[in-house]
**Q** 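Handing you a structure now.
Below, read A as the first sequence line, B as the second, and so on, with proteins coming before strands; counting in each chain starts at 1. Side-chain atoms are counted along with the backbone in the values below, which use heavy atoms only and exclude waters and symmetry mates.
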Amino acid sequence: MALMKVKFDLKKRVKLAQSVWFLFWFAVMAGVLVFSMGLFFKIELRKRSELMDNNESHFLPNLLIVMGLLACGINAFGGKVCYDSLDPSKFVKWKPMLKTFLMGCVVFNVLLVVTALLCFIMRIPLQFTLAEGLRNGMRYYKDTDTPGRCYMKRTLDLMQIEFRCCGNDNYRDWFEIQWVSNRYLDFSAKEVKDRIGSNVDGQYLMDGVPFSCCNPGSPRPCIQQQMTNNSAHYSYDHYTEDLNVWKSGCRDALLSYYAFINTCLHFVYISGLQYVDSSLSTLANPEDPESESEGWLLEKTVKETFTDIMTKMKAMGKGGKVEEGGDEGGVATVS
Amino acid sequence: MALLKMKFTQQRRVRLAQGLWLLSWMAVLCGSFVFSLGVYLKIELLRRAEVMENTEIHVVPNILMLVGLASIGTNWMAGRVCQDSLDPSRFPRWKVFLLGWYAVAALICCLLVAVVVLSYALQGRLEESLKVGLRNGIRFYKDTDVPGRCFQKETIDRLQMEFRCCGNTNFRDWFEVQWVSNRYLDYTSKDIKDRIRSNIDGRYLLDGVPFSCCNPASPRPCLQYHLTDNNAHYNYEFQNEELNLYNRGCREALIDYYMGLMNSTGPGVLSVILIQMSVLLSLRYLQTSVEGATTQEQPEGDSEGFLLEKGVKETLEEAKVKILLLLKFGQVDPSAADGSPDAEKAPPSSS
């Protein structure tokens with residue numbers, strides 16, 4: 001009993017071949033899209049690479065790029081097979097390869113699902129990588145004269161402005177580090193000496209944030225310095241002031257941005273390719289060129305196909321006892 | 001003497017029709033390109049409409065959109081004419097429209113040239129409009145509690161951050177305006193009272209700028225206040241400090257941006273003009289050669305194609321006569337009445 005048998009006359013076969021050919025090219029476009037998004041993702045990660053701790057996070061865009069290229073290749077090949085399928089002379093040369101090609105497609109689909117799972121799982125390592133990276137970034141904010149770190153200030157400022165965030169978890173992260181370079185501190189001033197003396201490491205800590213934390217939507221000019229001192233500013237209460245600086249932390253802001261890119265990729269990819277593969281399965285099976293024929297997903301039912309595969313594998317494994325296995329398999333199908 | 005006469009065999013006519021069909025579809029694509037260019041330019045201008053005083057510059061994207069749509073329509077029609085041109089039964093019905101088509105196509109080319117000219121000519125007006133708009137924006141920066149102006153602060157801040165500019169001409173524009181709202185000024189403090197008394201209008205002026213003027217590329221944390229006072233900050237010299245704030249004025253930044261946009265679309269528009277002209281000329285050749293072929297005994301044989309049936313001068317004179325006839329249409333009866341008595345007199349004398 002074949003699985004999901006459908007009758008096909010010549011016209012229907014032609015229509016099916018045309019639509020599957022079209023779907024294959026659509027899948028090639030999807031593969032190109034995935035490849036370009038993997039590339040874009042890689043470039044975005046590289047742009048922020050100064051904030052990333054290690055290179056482990058590049059695994060995911062690399063995987064996407066490889067999958068995109070594979071998808072293009074496989075689907076272009078499938079499109080060619082489709083194109084030749086209605087010409088009996090040309091189709092004959094493809095027939096032996098078809099079964100292996102279909103198996104390859106199934107394997108590829110499994111890989112796709114695995115990639116999708118990875119994308120979701122990798123969120124957590126990405127989160128930790130970002131956390132380490134951002135903390136270092138903030139520590140090196142003041143090192144504008146140290147080669148290798150001199151662009152950290154600019155990168156962080158631009159990132160805080162673009163993603164509308166402040167600090168790692170929130171703006172108080174800036175209170176815990178010295179973000180003003182020693183070059184601009186007057187060590188003879190009493191105030192500076194007090195602040196430096198007030199903590200163990202001798203750091204100039206203050207309750208202020210850089211200008212890039214400022215929220216343009218605030219009705220009053222930005223208050224960056226002495227943020228916790230209500231009496232330092234007229235009509236100011238730092239407990240109720242929520243429009244002054246950005247409330248969210250940069251780690252969350254960056255994560256949501258990358259997660260959004262990820263989700264976009266999945267939908268495009270999985271929907272396109274699954275559809276195409278199932279269509280090809282229905283096309284590859286009709287035998288007779290001109291007359292009516294039947295198409296099906298599997299020649300026998302799922303159970304029987306599975307038993308067949310098992311017997312074949314057992315036969316390969318037993319080697320010398322291959323006749324016995326073949327007889328048993330033959331007996332089973334006849335009945 | 002016909003203008004630019006060329007011989008066309010049946011083969012050449014077929015080739016011309018096919019080539020023109022492809023060319024007209026390419027011209028449709030070009031028309032949609034021009035249309036989308038106009039839409040993009042219009043959106044960019046509308047985004048910054050709050051710092052522009054008038055909308056004169058909007059004439060450029062408006063013409064581009066109009067021309068784009070008209071070009072799509074005319075070139076699609078050219079494609080249809082092409083398809084029917086080699087079929088003698090279907091071609092005659094297009095004949096009526098062709099003269100109008102030529103007029104519209106020529107108009108499109110003229111408008112495109114006008115757009116290129118306008119985009120350069122209107123630069124001065126754009127600058128004036130931005131000058132006034134930015135001045136108002138800076139003046140109303142502090143009015144975050146006045147309905148209708150409460151978004152000025154956010155608009156100006158975002159503009160300065162995005163275009164990396166400060167103030168109208170430069171950052172000193174902020175020194176001349178009170179940009180801190182009265183709601184946040186403590187009038188009992190001596191410093192504030194001094195500042196308010198220091199000028200006639202009683203405004204709180206300070207040598208400071210908003211945070212959006214800060215340049216992230218500066219090596220030191222941004223200095224916004226007491227900018228002219230070297231002693232207020234350690235290791236600070238006002239004259240030498242270049243990276244602290246953005247040096248450019250927003251007017252200059254915006255002009256550069258919009259002129260850059262319009263200049264970069266210049267070559268595209270010029271190539272669209274070329275394509276449209278070639279469609280026009282090819283269609284004229286196709287029309288005349290097909291018509292010439294149908295009037296001959298052998299429709300499949302050679303025929304001549306030309307741009308104008310007679311020379312340029314003669315065609316213009318004929319056109320003038322036709323127009324004058326149309327204008328004199330009201331007076332046609334008296335002249336006919338004068339003519340007929342003369343005509344009646346003439347035959348008796350001749351016979």
Side-chain angles (χ1 to χ4, degrees), chain A residues 141-146 149-162 164 166 174 178-189 191-192 204 206 208-225 230-237 241 243-246, chain B residues 141-146 149-162 164 174 177-189 191-192 204 206 208-226 231-237 241 243-246:
Chain A
Y141 184 86
K142 64 178 180 1
D143 296 333
T144 45
D145 50 352
T146 311
R149 296 186 201 152
C150 52
Y151 276 111
M152 190 52 80
K153 175 182 181 296
R154 187 163 173 264
T155 309
L156 252 170
D157 278 335
L158 287 174
M159 191 184 70
Q160 290 192 144
I161 292 175
E162 191 185 320
R164 306 189 185 191
C166 186
W174 289 108
Q178 175 180 349
W179 54 272
V180 183
S181 174
N182 285 332
R183 287 197 326 279
Y184 309 115
L185 291 175
D186 182 10
F187 286 99
S188 56
E191 187 239 340
V192 175
Y204 181 77
M206 46 191 232
V209 293
F211 78 93
S212 43
C213 282
C214 287
N215 182 355
S218 162
R220 91 184 279 172
C222 187
I223 293 173
Q224 296 171 239
Q225 319 287 345
N230 282 354
S231 47
H233 314 278
Y234 184 67
S235 176
Y236 174 67
D237 183 3
E241 197 74 36
L243 277 178
N244 191 33
V245 292
W246 298 118
Chain B
Y141 184 87
K142 63 179 179 8
D143 294 334
T144 45
D145 50 351
V146 175
R149 294 189 204 151
C150 52
F151 279 108
Q152 283 287 19
K153 178 182 179 297
E154 191 170 352
T155 308
I156 296 283
D157 278 335
R158 287 206 190 283
L159 183 76
Q160 293 191 143
M161 285 198 288
E162 195 180 319
R164 307 187 187 200
W174 289 105
V177 162
Q178 176 180 350
W179 53 272
V180 183
S181 175
N182 287 331
R183 289 199 321 283
Y184 309 115
L185 293 174
D186 180 11
Y187 284 98
T188 56
S189 138
D191 168 58
I192 291 180
Y204 179 72
L206 59 148
V209 293
F211 78 93
S212 44
C213 280
C214 287
N215 187 356
S218 163
R220 94 184 276 170
C222 185
L223 299 168
Q224 288 174 248
Y225 298 105
H226 304 291
N231 298 327
H233 314 280
Y234 182 67
N235 194 7
Y236 172 68
E237 218 179 287
E241 201 67 39
L243 281 175
N244 189 35
L245 305 172
Y246 292 126

**Q** I'd like to verify something: which residue of A:Thr144, A:Leu158, A:Val180 has the highest number of heavy-atom pairs under 4.5 Å with chain B?
**A**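 The candidate making the most pairs under 4.5 Å is A:Thr144.
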
**Q** Going through the distances and angles, do A:Tyr141 and A:Trp174 end up as a ring pair (Phe, Tyr, Trp, His ring centres under 6.0 Å)?
**A** CA-CA 10 Å; A:Tyr141 184 86; A:Trp174 289 108; 5.1 Å; yes

**Q** Looking at A:Tyr204 versus A:Trp179, is the centre-to-centre ring distance below 6.0 Å?
**A** no

**Q** Can you find a pair of side-chain heavy atoms, one from B:Tyr204 and one from B:Asp191, that are under 4.5 Å apart?
**A** yes

**Q** Where does B:Asn215 contact chain A at under 4.5 Å (heavy atoms): side chain, backbone, both or neither?
**A** backbone

**Q** Report the option among B:Lys142, B:Lys153, B:Gln224 that has the most heavy-atom pairs separated by less than 4.5 Å from atoms of chain A.
**A**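 Most heavy-atom pairs under 4.5 Å with chain A: B:Lys153.
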
**Q** Keeping the roles fixed (side chain from B:His233, backbone from B:His226), state whether a donor-acceptor pair exists under 3.5 Å.
**A** yes

**Q** Looking at B:Phe151, I want to see if its CZ is surrounded by more than 12 non-hydrogen atoms of other residues, nucleotides or ligands under 6.0 Å.
**A** no

**Q** Taking every heavy-atom pair that is under 4.5 Å apart, which of B:Asp186, B:Asp157, B:Thr144 has the most such pairs with chain A?
**A** B:Asp186

**Q** Can you find a heavy atom in the side chain of A:Asn215 that is under 4.5 Å from one in the side chain of A:Val245?
**A** no

**Q** Can you tell me which of A:Ala189, A:Ser218, A:Ser181 forms the most heavy-atom pairs within a distance under 4.5 Å of chain B?
**A**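 That would be A:Ser218.
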
**Q** Using a cut-off of under 4.5 Å for heavy-atom pairs, which of A:Arg220, A:His233, A:Lys153 has the most such pairs with chain B?
**A**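 Most heavy-atom pairs under 4.5 Å with chain B: A:Arg220.
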
**Q** Compute the ring centroids of B:Tyr141 and B:Trp174, then answer whether they are less than 6.0 Å apart.
**A**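 Yes, the ring centres sit under 6.0 Å apart.
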
**Q** Relative to chain A, which segment of B:Leu185 carries a heavy atom at a distance below 4.5 Å: side chain, backbone, both, or neither?
**A**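 For B:Leu185, backbone heavy atoms alone lie under 4.5 Å from chain A.
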
**Q** Can you tell which part of A:Gln224 gets under 4.5 Å to a heavy atom of chain B, answering side chain, backbone, both or neither?
**A**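 The side chain, not the backbone.
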
**Q** What part of A:Pro210 lies closer than 4.5 angstrom to a heavy atom of chain B: side chain, backbone, both or neither?
**A** neither

**Q** For chain A, find which of B:Arg183, B:Glu162, B:Glu154 contributes the most heavy-atom pairs closer than 4.5 angstrom.
**A**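 Max contact count across the listed options: B:Glu154.
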
